[in-house]
Amino acid sequence: MKPEPTPQPLTPGVVRFYSFLPSADRFRDDVLAGLALPQKSIPPKYFYDEQGCRLFEAICELPEYYLTRTETAILRGNIADIAQFVGPDAELIEYGSGVQAKTRILINALQTRLYVPIDIAADTLQASSNDLAGRFPWLNVVGICADYTRALALPELVGVPIRRKAAFFPGSTVGNFTPEEALQFLKNVRRSVGKGGVLLIGVDLKKNKSVLDAAYDDPKGVTAKFNLNLLERINRELGGDFQTTRFRHKAFYDPLRGRVEMHIESVFSQKVRVAGQRFDFHAGETIHTEISCKYSISEFQELGKRAGFSPEKVWTDPEQLFCIHGMVAA
Ligand code: AVJ
């Protein structure tokens, strides 16, 4: 990376973007390596091309997908307490910011002056950040297009007085990491916010298998489309020849491991070519595309402590479907 020039002061209403995006070759390398594994597997971050972002937004509207709606209600219902917990003059750093809908609630309540959304999806990041800056004229927005599953050094920002840093990681996206990866990620966040910084993190709670199975395998087939779009993206960007009708979406909650697993299953024995390489599937063989780990309140607090946070607050809904943890960097 180039040496940082002297940081220029920020201006409200002028959205600044930084791109630390992995090259297109990385997608190719990860897909080719993942399809060569005994258990074929592709990381979930590759779901989010333009079509994938749209399909994820459609998932969030499904009656079975309670996560988004419940988390939004928790935020709204506890916003005064949450704002008090974060305190005034906080820089708000959001991981996986997407369409930034929940963020508006926070920015409004916190009267945030510096917002740093981080997302892998460049177009969604730009469109959402510009839209947000238009809604809050006093707000400085610095969009970071990056893959935050790798350690990430945030640029130095000047011109806005800040008392502490607050990391916001909604959506239970932390569940896409294994617990070991989540620990590593939380340690990185701990370093980014510094001592006294805070973390607001949305975490889906363990629950009845039938509720979770329906949330990840909806009857309208939107989640199936979202999952199978990965094959279409490979066809589009890597010259693959997947016939998506010869594959099917498979998602289920494994109560022993406390996680949902999502796979793409080959319905037939078949061969596929991607970027000039051949891959064989036997009937019933799967590509593992996602895990969504579920944590009890105490399990996640334990993880936070191991990462150097002190768990101080938990906000939840009356049915205990979902929760938001408030933690302070020790
Ligand atoms: C955005 C990663 C939190 O795991 O619940 C939704 C993605 N996958 N339906 C999740 C997703 C299938 C979602 N996260």
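Every number for a ligand or one of its atoms is a count from 1 in the order of the listing. This chain uses plain numbering: 1 for the first residue, then up along the sequence.
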Starting from the N and O atoms of ligand 1, collect every protein N/O partner closer than 3.5 Å and put each pair on its own line with the distance to 0.1 Å.
from: ligand 1; atom 1: 4 (O); to: Asn176; atom 2: ND2; distance (Å): 3.4
from: ligand 1; atom 1: 4 (O); to: Ser292; atom 2: OG; distance (Å): 2.5
from: ligand 1; atom 1: 5 (O); to: Tyr65; atom 2: OH; distance (Å): 2.5
from: ligand 1; atom 1: 5 (O); to: Tyr216; atom 2: OH; distance (Å): 2.5
from: ligand 1; atom 1: 8 (N); to: Glu290; atom 2: OE1; distance (Å): 2.6
from: ligand 1; atom 1: 8 (N); to: Glu290; atom 2: OE2; distance (Å): 3.4

- prompt: Could you give all pairs that pass the side-chain hydrogen bond (donor to acceptor under 3.5 Å, both in side chains) test and reach residues 254-263, with sequence neighbours left out?
  reply: Arg259-Glu261, Glu261-His263, His263-Thr286
query: Less than 4.0 Å between a side-chain N and a carboxylate O, is that true for Arg236 and Asp49?
result: yes
query: What heavy-atom pair brings Glu285 and Lys40 nearest, and what distance separates the two atoms?
result: OE2-NZ, 2.7 Å
statement: The salt bridge (charged side-chain N to carboxylate O under 4.0 Å, His left out) partners of Asp241 (sequence neighbours excluded) come to none
message: With a 6.0 Å cut-off (strictly less than), is the heavy-atom count around CD of Glu312, excluding the residue itself, greater than 12?
response: yes
query: Other than Phe268, which residues form its hydrophobic cluster under the rule that side-chain heavy atoms must be closer than 4.5 Å?
result: Val267
